[in-house]
Every structure is written in structure tokens, then in C-alpha cells.
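Here the structure is laid out as C-alpha cells; the discussion comes afterwards.
Convention: sequence-line order gives letters A, B, ...; per-chain numbering from 1. Remember, predicted model here, so these are calculated numbers, not experimental data.
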Number of protein chains: 2
Amino acid sequence: MDQRIELRHLRYFLALAEELHFGRAAQRLHIAQPALSQQIRQLEKIVGVELFRRTSRSVHLTEAGAAFQPRARNVLDRLAADLDEAGRVGRGEAGRLDVAFITSATAIVSEHLREFSRRRPDVQVKLHDGFTTDVLAALERGTADVGIVRDAEERDDIDLSLLASERFVAVIPTEHPAARCDHVEARVLAADPLILFPRSAGTHAFDMNTQPLRNAGIDVQVAQECSNWHTIIMFVAAGLGVTIAPYSVTTLLPAGARRLELDGPPTVSRIFMATRRGDDRPLLQAFKAASESMTGRDRDRTTRVR
Amino acid sequence: MDQRIELRHLRYFLALAEELHFGRAAQRLHIAQPALSQQIRQLEKIVGVELFRRTSRSVHLTEAGAAFQPRARNVLDRLAADLDEAGRVGRGEAGRLDVAFITSATAIVSEHLREFSRRRPDVQVKLHDGFTTDVLAALERGTADVGIVRDAEERDDIDLSLLASERFVAVIPTEHPAARCDHVEARVLAADPLILFPRSAGTHAFDMNTQPLRNAGIDVQVAQECSNWHTIIMFVAAGLGVTIAPYSVTTLLPAGARRLELDGPPTVSRIFMATRRGDDRPLLQAFKAASESMTGRDRDRTTRVR
DNA sequence: GCTGATCCATAGTTTGAGCTTATTGATTGA
DNA sequence: TCAATCAATAAGCTCAAACTATGGATCAGC
């Protein structure tokens, strides 16, 4: 009585609408003619109107049938495309990947993304930048699938894999007495006001970043906190103080700032890819594979520890 | 093995995607839980990827499932809308109606169409204007569903129903001697060049149109043929001759032309709605009903035979 | 740590929707 | 008038989707 429509009805309808002959349409569908008659009748009952006008001699579409034909075709085509798309998403060939990253790793992130997008052109990548803590939080709550962080600590719910490491360098105003040389001992900077990001943005990263100073026996006191490296370096250029920074954020310096290599035991900043432990979705593995192929290069290129 | 997808799969998938609980989803679908498990498994086999990740404790969508959910919803919604639309077309509540009409009946056609469009706002009306013969040809070959013709003859494959009738009048140049009066005997015009449409545009219409002249014993000779009334009347205004025209095409006359009532036995031009005999589609009946409601008015308004 | 509850999967059985073949009835062309 | 064509109907069959019962895994509570 209250029969539900099924795709079978649409397939049969379309075959008959094209053949306009029950016998031939049934043949094409690999069923017997009465079965087709029954199903078409059933469909007409569901729609509530005649879709074909039959005489015992000919079959043709009614207006309602003619109106329905392209729509039915469309439904089948779209569903086929949707199934395909779902399959591709399941195999990691399409979909969406949320990448959270620290702003200071933009250069490396963009390189890895370029390689990934080349391999998976149908994957839409969404980017979210922030501090290391923000990135890890996004990863935890599922807002991000991949995190790019700097100097994160080991955790049992997060997998880390090294993408690149780079040395720390000092950045000081050009008018600073030490700026005449191209390297400096950390202790020389003990009296200068230190400009750095807040420790809350990533305690371990902060500790790594200040290690050259602590190695020199300096009691680290941040005179001015800034949320991003660009601002920190602008402040240094303005003569407000000095900073210790990962090399890659110092590649382009404004006129008033100068980069100095740090003497003493080498200290490096490490950039990691972070993922949720146990998250083994194909898309993620594809991203890891793409990164893997880049990592060797990056490591060689940016490390250069003295 | 090579199972085909059915809408049942989509319905079950969507229920489970919303409930995320096999028991509850099955309950909502009024089936037992194992049946749902089976069908979902089958769907996953068809798509080729997991759509749900199940633990014995919880169910949640995979990325592929999440991607598929809105699409499946969409397919069902669109199909429902398509079925509804087909039903409405079948009941004559929506669709398309092709109306062919003679240019000289534009005024009446537009009135009837306004009424029809008010009653069937979802029906798209396509208009085609031409001569009576063109209109009838369009009707025959199915290009038009309704024809509006003037003074057509009875035919056994076409149904005619009277929409309006109107008297013939003479149109002559203002400088014509007879133009001083507001009526004229047809024989007075015997010597004037006659401007009229070609007889091939509608033999019966032509004969009706020239009847006032033939009644007066005039041997009808068309001096100048024109394809439409507007041009004919412009030629009259230019002093090139006279014409006999249905009243409604003379409502707006240019400066050089004057309308005169014809003395003698009244002759009328009839405007008919023409349809293919046996064509009883709901949309057509709706159009006929709309016309019916207008016809009384039109007949009264335009006849006024003296 | 055992017990009961919860929940999805599997096994085996039942049922009915959709299929089949055979036939009827209507129309057309020879 | 007869044969051919073609859709509808009738009656029986069959398999897929349903059912019931059960298993196995996980979790909460005493």
C-alpha cells in the first residue's frame, strides 16, 4: 500500500523512457517484461500520476513523465558521483585536512603543503596559525588533524616527528656595541633588555629558546613580551632590546637589526609534525608521506649548527 | 556480489548517522537491529570504504561517512521534490503550456493569459505568434498546445471554441470623401485600392474579412498585400488605399486613418481557441476553464453588432 | 574481580516483494 | 479473417531482507 520508492524504480523508468517499449526495455534491464510492467505501475502509484501513456500498440511519455525523466537521470548521476566521492574520501584521495601551525614555521609549512597539494590535488587544506599551545589544543579537540609545532615536549597522546631543526641566533640593534662582529657570546647580552614571546605560549619552547642565555649563566628576565617574531624583531630594530631567535625567522631583517651567530655549545630549535596518537586515516598518512619526502632536504638545509 | 545501491541504504545510513546507535536507529526505522547492521555493511561494501567506525561501545562516522551524509540527505530530498513536481505536472498544476496565436488577437490572448497565470502560477507559458495557418500547423505538429485563431473552419482533428466575436469595420484615409461620415456602405469603396493580408494566411479568414465587400457585389481584388494589421493600417493612413478590418485592430488609429462602421447586414469576425481533438490533459482543461470564465465578458464587450 | 547491562555482530529461519513463465486481450497489417 | 505484436494479468517460485536467538566485547557497580 504505502510503498516506498527505490532506485530500481528510477532505473526501470529511465530504461523504458528511452526505449518506449516494454519488451526491449525489459531486455535491456535483463528482466522479463511483466516485471517491468509491475514496477512501472508501482512507480506511477507512488508518484500519483501516469508517467507513460500506453496503448496496446505504443508507449509514450506523458507530460509528467517527460518532466520526471531528466530529474530521475540527475538523481542517479549525482548519487553515483556521491558514492565515488565518499570512496575517494575514504581512501584519502579527497576530503579536507585541517592543519594548525605556529606562525614562526610558516616557511616550512608552506613547502610541505605545496608537496602535499601536488600529491592530493582534491584535498582541501584548511590552515590555522597560532602558538604551539594553541596548535596542540586544536589537535586534542579535533579541530586540527595535523599540527606543526616548535620544540614541543613528548606526550603520550600525541605523536611527534621531526620536520626540521635550526640553530638559535641572536638579533640585536645595529647600534649595539656587539653589532660590529658577526658572532657573539651570550653573556655579552646579559645586561640588555630581552624581548621574547610569553612563556605561556609554550613553556618548553620558551626554555629551549632561552637555553643559550641560561647556558651562559644568565638569569632570564623578559623585559618585553610580544606574541610574534615579526613584532619582536621590529622592536629590536627600534633599539628596545635584544632577542634570541630560531634562524629561519631572521632571514629578512629590517634595517636597524642585525643577526649574530651565538658562540658556545650549539642549541637548536626543532620543528615537529604533531598528530593524535592512533589517528591512522589515509589522508594523514598521505600527509606524513609527503612530509617525509621533504624532511631530509629541510633538515640538511636549515640545521647548519656551528 | 555486485550489489546495487538502493534508497533503502541511504535511508538506513541517514538514520544511523543521526542516531549513532544501531538499536535506536533500527527502532526509528521500524526494523530489528541485525537488519540494520546487515544493510549498513552492504552499503559499505558498495561504496568500498568504511562509513562508520564501530567499537562494541560506540558508533561514529568516519570521514567518508561524514562526507557522504549531506550528499545522501540531498539525494533523498531532491528526489522527493522531483516526485512532487512530477505529480504536480501530472495534475496540471505545473509544467509548460505552448500557446500559438494570431498577432491580431494579442489583446484577447493577453487577457486570457493573465487569468490563466493567476490560476496556475507554476505553469510556464510559451507564446508563439503567427498567421492562422501557422497557428494551426503548430497545433498539428505538437509545437503548440493551444491555438488562438481567427475565423478558422471546422476540422475533424481540431476542436474550436468561440472566445470572442467582433464586427468588421472599414478603415479609410481621412482625406477620403466618405471620411466625413462615421459609417459607410461597402459599395462606396468599390473603386478604392484594397489593402489586406494574403489569402494564403487563412483562406476562410480572408473570405470572412472580405464578405462585406462581396455582399455589396464587389469583385474583391487586393491591390496591396501586407502581413499584419498594423502595417495595413499605416498604409491606409498614408493614403494608399482602404481596408476592412476586425474592430479590435482599429482601436488605436494613426492620424491619417479613420474608422467607419459598415452599413448593411452585420458581418463578424470570430476568435476561437483551437485544441487538438482528444487532447484532454489537465493543463489544457485548466486553460479552457480559465478562458471559459473570461469568454462571456469578451463576447459582450467586443461584439456590438449594429 | 565478579556480575549484570549494554551493544554490535553472527547464525539460522521465515517471509514477502520481485521475479519468472504462461496466458489473455487489444490492436494492427496482410 | 487470420497472424503478429505488445502490454496486462495470473499464478507460482525464489532469493534477499527481514526476523529471533545467541555470541562476544566492553563497561559500570557492588
Side-chain angles (χ1 to χ4, degrees), chain A residues 1-62 64-66 69 72 76 278, chain B residues 1-47 49-62 64-66 69 72 76 83 157 277-278:
Chain A
M1 190 77 273
D2 63 334
Q3 185 76 23
R4 298 218 128 173
I5 189 167
E6 285 298 339
L7 293 180
R8 179 185 55 255
H9 294 120
L10 300 191
R11 297 192 188 101
Y12 289 8
F13 167 80
L14 287 171
L16 183 56
E18 284 179 24
E19 297 286 351
L20 292 177
H21 187 290
F22 277 81
R24 282 197 298 277
Q27 202 169 358
R28 203 168 101 178
L29 293 165
H30 305 109
I31 59 172
Q33 169 260 313
L36 180 58
S37 288
Q38 283 170 21
Q39 292 296 313
I40 294 294
R41 177 171 303 276
Q42 209 175 86
L43 175 59
E44 290 179 324
K45 196 167 184 179
I46 293 167
V47 182
V49 297
E50 253 190 332
L51 296 173
F52 297 95
R53 180 69 45 89
R54 311 92 154 134
T55 70
S56 59
R57 221 52 205 166
S58 74
V59 176
H60 64 94
L61 282 165
T62 61
Q69 185 180 11
L76 287 187
Chain B
M1 191 73 273
D2 63 335
Q3 184 76 23
R4 298 218 130 174
I5 189 168
E6 287 297 340
L7 293 180
R8 178 185 56 256
H9 294 120
L10 300 191
R11 298 193 187 99
Y12 290 7
F13 167 79
L14 287 171
L16 183 57
E18 285 179 23
E19 296 286 350
L20 293 177
H21 187 288
F22 278 81
R24 282 197 299 276
Q27 201 169 0
R28 204 168 99 178
L29 293 165
H30 304 111
I31 59 171
Q33 169 260 314
L36 180 59
S37 288
Q38 281 172 22
Q39 291 297 312
I40 293 295
R41 178 171 302 275
Q42 208 176 87
L43 174 60
E44 289 178 325
K45 197 167 185 179
I46 293 167
V47 182
V49 297
E50 254 191 331
L51 296 173
F52 296 95
R53 180 70 46 89
R54 311 96 154 128
T55 69
S56 59
R57 219 55 205 165
S58 74
V59 177
H60 64 95
L61 283 164
T62 61
Q69 185 180 11
L76 287 186
L83 290 174
D157 60 337
R277 185 153 294 171

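Relative to the side chain of Ile31(A), the nucleotides dC19(D), dT10(C), dC19(C) differ in distance, and dC19(C) lies closest. The side chain of Phe22(B) has dA9(C) as its nearest neighbour among dA9(C), dC19(C), dA7(D). Considering only side-chain atoms of Gln38(A), the nucleotide from dC19(C), dC7(C), dA17(D) that sits closest is dC19(C). Residue Val59(B) places its side chain closer to dC8(C) than to any other of dT9(D), dT20(C), dC8(C). Of the listed nucleotides (dG12(C), dT21(C), dC6(D)), dT21(C) has the atom at the smallest distance from the side chain of Ala32(A).
Around CD of Gln42(B), the count of heavy atoms belonging to other residues, nucleotides or ligands within 6.0 Å exceeds 12.
The backbone N or O of Phe22(B) lies less than 3.5 Å from no partner atom in the side chain of Gln33(B), so there is not a single donor-acceptor pair. Remark: the backbone N or O of Glu50(A) is paired with a side-chain donor or acceptor of Thr62(A) at under 3.5 angstrom.
A rotation axis mapping the C1' atoms of four pairs onto the next four is fitted at both ends of the helix from dG1(C)-dC30(D) to dA30(C)-dT1(D) over five pairs, and the angle between these axes is 20° to 10 degrees.
Taken to the nearest 0.5 Å, the CZ atom of Arg4(B) stands 10.0 Å off from the CG atom of Leu7(A). For the atom pair NE2 of His21(A) and CG of Leu36(A), the computed distance is 11.0 Å after rounding to the nearest 0.5 Å.
Rounded to a whole Å, the CZ atom of Arg53(A) is 16 Å from the P atom of dA7(D). Distance, Glu6(B) CD to dA17(D) P: 9 Å, rounded to whole Å. Nucleotide dA16(D) holds its C1' atom 12 Å from the OH atom of Tyr12(B), rounded to whole Å. Rounded to whole angstrom, the span from the CZ atom of Arg54(B) across to the P atom of dA9(C) amounts to 5 Å. Distance, Leu20(B) CG to dC8(C) P: 10 Å, rounded to whole Å. In this structure, CG of Leu36(A) is placed 15 Å from C1' of dT9(D), rounded to the nearest angstrom. Here the P atom of nucleotide dA17(C) and the CZ atom of Arg8(A) are 11 Å apart, to the nearest Å. Nucleotide dA17(C) holds its C1' atom 16 Å from the CG atom of Leu43(A), rounded to whole Å.
Using a 4.0 Å heavy-atom criterion, one finds that Phe52(A) contacts no nucleic acid atom at all. Across all strands, Gln39(B) comes closer than 4.0 Å only to sugar-phosphate atoms, never to a base (heavy-atom distances).
Toward the 5' end of DNA chain C, the nearer of the two residues His30(A) and Pro34(B), judged by each one's closest nucleotide, is Pro34(B).
Ion pairing between Arg11(B) and Glu6(B) fails under the 4.0 Å rule for side-chain N and carboxylate O. Taking 4.0 Å as the cut-off between side-chain N and carboxylate O, Glu44(B) and Arg53(B) do not count as a salt-bridged pair.
The side chain of Gln33(B) places no N or O atom within less than 4.0 Å of a non-bridging phosphate oxygen (OP1 or OP2) of dC19(D). In this model, the phosphate group of dA9(C) is approached by a side-chain N or O of Ser37(B) to a distance below 4.0 Å at OP1 or OP2.
With sequence neighbours excluded, the residues satisfying ring pair (Phe, Tyr, Trp, His ring centres under 6.0 Å) with Phe52(A) are Phe13(A).
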